[in-house]
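Following: one structure in structure tokens, then a few remarks.
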Protein chains: 2
Amino acid sequence: MPAETKTLVEKLKAVSHPIRLRVLALLHGGEMSVCQVAETLQVPPSSVSEALRELRRAGFVSERKEGRWVFVSVMPGFEGNPLLSAILAEAVKLPESEMDRMRAGMVQKQAVAVVCRKVQAAEEKGVSHV
Amino acid sequence: MPAETKTLVEKLKAVSHPIRLRVLALLHGGEMSVCQVAETLQVPPSSVSEALRELRRAGFVSERKEGRWVFVSVMPGFEGNPLLSAILAEAVKLPESEMDRMRAGMVQKQAVAVVCRKVQAAEEKGVSHV
DNA sequence: TAGACATTTCGAATAATTCCGAAACTACAA
DNA sequence: TTGTAGTTTCGGAATTATTCGAAATGTCTA
């Protein structure tokens with residue numbers, strides 16, 4: 001199997017997944033830190049990290065490190081990428097993406113540090129992540 | 001998990017596969033029978049049938065029965081579907097799609113019945129399908 | 001009707017993915 | 001330096017996907 005196919009297949013695989021699609025749609029609304037994404041989607045940070053790894057490999061998101069935080073966003077220039085644009089356009093229409101955006105609105109009203117500490121505290125009390 | 005997500009995820013999964021992508025790219029060149037696709041891609045008919053089932057479920061191909069043959073093609077009106085159009089545009093660029101198109105050119109010079117009998121005969125002689 | 005043919009479904013072995021807690025790693029802060 | 005917070009990697013059990021031959025199904029033809 002030639003290398004190029006694998007590349008397109010891998011890109012498509014990267015978005016053939018509920019959480020990864022939600023992450024992509026969420027980032028369409030703007031840059032966020034990993035822990036903000038985890039809090040918004042109500043998913044463990046390790047799962048978000050793995051989702052982001054795949055999306056990064058596919059060339060769909062980029063990252064920016066700032067201190068101990070990693071901020072991720074949709075790859076700059078995605079407007080010129082018809083495949084990614086089409087996927088984003090569909091992904092943001094999903095009902096769970098709308099819910100995620102609502103929750104993101106609340107999350108982003110708080111400082112990054114506050115959000116992330118909250119997640120940690122909830123986990124220590126045994127609050128489950130659906 | 002809401003139904004709509006599953007739908008988009010399922011669509012993307014349907015094309016996250018080397019053979020299914022090749023089938024889609026091949027059909028972009030025009031309608032073909034299942035056995036013509038199998039002969040062109042050098043893949044067993046049962047595998048092609050399964051690939052087509054997924055693509056049909058995703059709404060990417062449609063079929064037309066004519067006697068004992070089933071002719072499949074890219075869903076009519078796909079030009080108005082940005083997601084499918086973007087996927088097709090990438091898929092037809094793949095090197096193996098170019099090779100498939102070359103082989104398809106030879107396959108289509110012959111009558112459908114001839115092509116399919118040939119496949120059968122080859123299999124009886126133990127010629128392997130890569 | 002019997003037989004050939006195109007296609008689909010089934011079975012089952014093998015491989016790949018998914019998921020999340022635990023542990024490791026890194027940068028900051030006291 | 002010690003601790004803490006954010007992130008990533010690892011382990012490995014559970015689930016799901018892939019593959020193709022064999023068998024089943026429906027259609028044509030002699």
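So that the names make sense, note that chain A is the first sequence line, chain B the second, and so on, each numbered from 1.
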What is the distance, rounded to the nearest whole Å, between atom CD of A:Glu39 and atom C1' of D:dG6? 14 Å
Does OP1 or OP2 of C:dC19 have a side-chain N or O of A:Ser47 closer than 4.0 Å? no
Atom-to-atom span, CZ of A:Phe71 to P of C:dA27 - whole angstrom: 16 Å
Over how many whole Å does the gap from A:Glu54 atom CD to D:dT7 atom P extend? 18 Å
Nucleotide of D:dG6, D:dT8, C:dA6 approaching B:Cys35 most closely (side-chain heavy atoms): C:dA6
Polar atom pairs between nucleotides 10-13 of chain D and protein, under 3.5 Å, N or O only, would you list them?
{"from": "D:dC10", "atom 1": "N4", "to": "A:Glu50", "atom 2": "OE2", "distance (Å)": "2.9"}

Is B:Arg101 reaching over with its side chain to a backbone N or O of B:Ala25, donor-acceptor style, under 3.5 angstrom? no
Closer than 3.5 angstrom, by distance alone: can the side chain of B:Thr40 be matched with the main-chain N or O of B:Arg103 as a donor-acceptor pair? no
So ring-ring contact (aromatic ring centres under 6.0 Å, His included) across residues 31-51 of chain A, not counting sequence neighbours, yields none
Could you give the CG-to-P distance, from B:Leu52 to C:dA6, as a whole number of Å? 16 Å
Separation of atom CG in A:Leu55 from atom P in D:dT8, rounded to whole Å: 12 Å
Counting only side-chain N and O atoms of A:Lys65, is one of them less than 4.0 Å from OP1 or OP2 of C:dA27? no
For A:Ser47, side chain to side chain donor-acceptor pair (under 3.5 Å) partners two or more places apart: none
Mark yes or no for whether A:Ser16, through its side chain, and A:Leu12, through its backbone, hold a donor-acceptor pair below 3.5 Å. yes
Pair up each side-chain donor or acceptor in residues 64-71 of chain A with any protein partner under 3.5 Å, not counting sequence neighbours, and list the distances.
{"from": "A:Arg64", "atom 1": "NE", "to": "A:Glu31", "atom 2": "OE2", "distance (Å)": "2.9"}
{"from": "A:Arg64", "atom 1": "NH1", "to": "A:Glu66", "atom 2": "OE1", "distance (Å)": "2.7"}
{"from": "A:Arg64", "atom 1": "NH2", "to": "A:Glu31", "atom 2": "OE1", "distance (Å)": "2.8"}
{"from": "A:Arg64", "atom 1": "NH2", "to": "A:Glu31", "atom 2": "OE2", "distance (Å)": "3.4"}
{"from": "A:Arg64", "atom 1": "NH2", "to": "A:Glu66", "atom 2": "OE1", "distance (Å)": "3.4"}

Please identify each residue that fulfils salt bridge (Lys or Arg N to Asp or Glu O under 4.0 Å) with B:Glu90, with sequence neighbours left out. B:Lys93
Are A:Val92 and A:Leu24 side-chain neighbours, meaning at least one heavy-atom pair lies under 4.5 Å? no
Hits for side chain to side chain donor-acceptor pair (under 3.5 Å) against A:Arg57, two or more places apart or cross-chain, chain-then-number order -> A:Glu54
For nucleotides 24-30 of chain D, just jot down a letter per nucleotide in 5' to 3' order: B, S or -, based on protein non-hydrogen atoms under 4.0 Å. ---SSS-
Walking DNA chain C from its 5' end, the first of B:Gln36 and A:His17 to be reached, judged by nearest nucleotide, is B:Gln36
A:Arg56 meets the side chain to side chain donor-acceptor pair (under 3.5 Å) criterion, sequence neighbours left out, with A:Glu63
The nucleotide from D:dT7, C:dT8, D:dT19 with an atom nearest the side chain of B:Ile19 is D:dT19
In whole angstrom, what separates B:Leu12's CG from D:dA17's P? 14 Å
With sequence neighbours excluded, residues passing side chain to side chain donor-acceptor pair (under 3.5 Å) with B:Ser62: none
Cluster link A:Leu55 to A:Met75, ILVMFWY, side chain under 4.5 Å: no
Only distances under 3.5 Å count here; give the side-chain donor-acceptor pairs of residues 81-89 of chain B to other protein atoms, sequence neighbours excluded, each with its distance to 0.1 Å.
{"from": "B:Asn81", "atom 1": "OD1", "to": "B:Leu83", "atom 2": "N", "distance (Å)": "3.1"}
{"from": "B:Asn81", "atom 1": "OD1", "to": "B:Leu84", "atom 2": "N", "distance (Å)": "3.1"}
{"from": "B:Ser85", "atom 1": "OG", "to": "B:Phe78", "atom 2": "O", "distance (Å)": "2.8"}
{"from": "B:Ser85", "atom 1": "OG", "to": "B:Asn81", "atom 2": "O", "distance (Å)": "2.9"}

Can you pull out the residues from residues 23-32 of chain B that lie within a 4.0 Å heavy-atom distance of DNA chain C? none
With side-chain contact (heavy atoms from CB on, under 4.5 Å) as the test, would you mind laying out the steps for A:Val37 and A:Leu52 before giving the verdict? CA-CA 10 Å; A:Val37 174; A:Leu52 287 166; 5.6 Å; no
Round to the nearest Å and state the distance from A:Arg64 atom CZ to C:dA27 atom P. 16 Å
Calculate the interatomic distance between A:Glu63 atom CD and D:dT8 atom C1'; express it in whole Å. 11 Å
C:dT8 OP1/OP2 closer than 4.0 Å to side-chain N/O of B:Arg56: yes
Angle between terminal axes - the helix from C:dT1-D:dA30 to C:dA30-D:dT1, 5 pairs each end, rounded to 10°: 10°
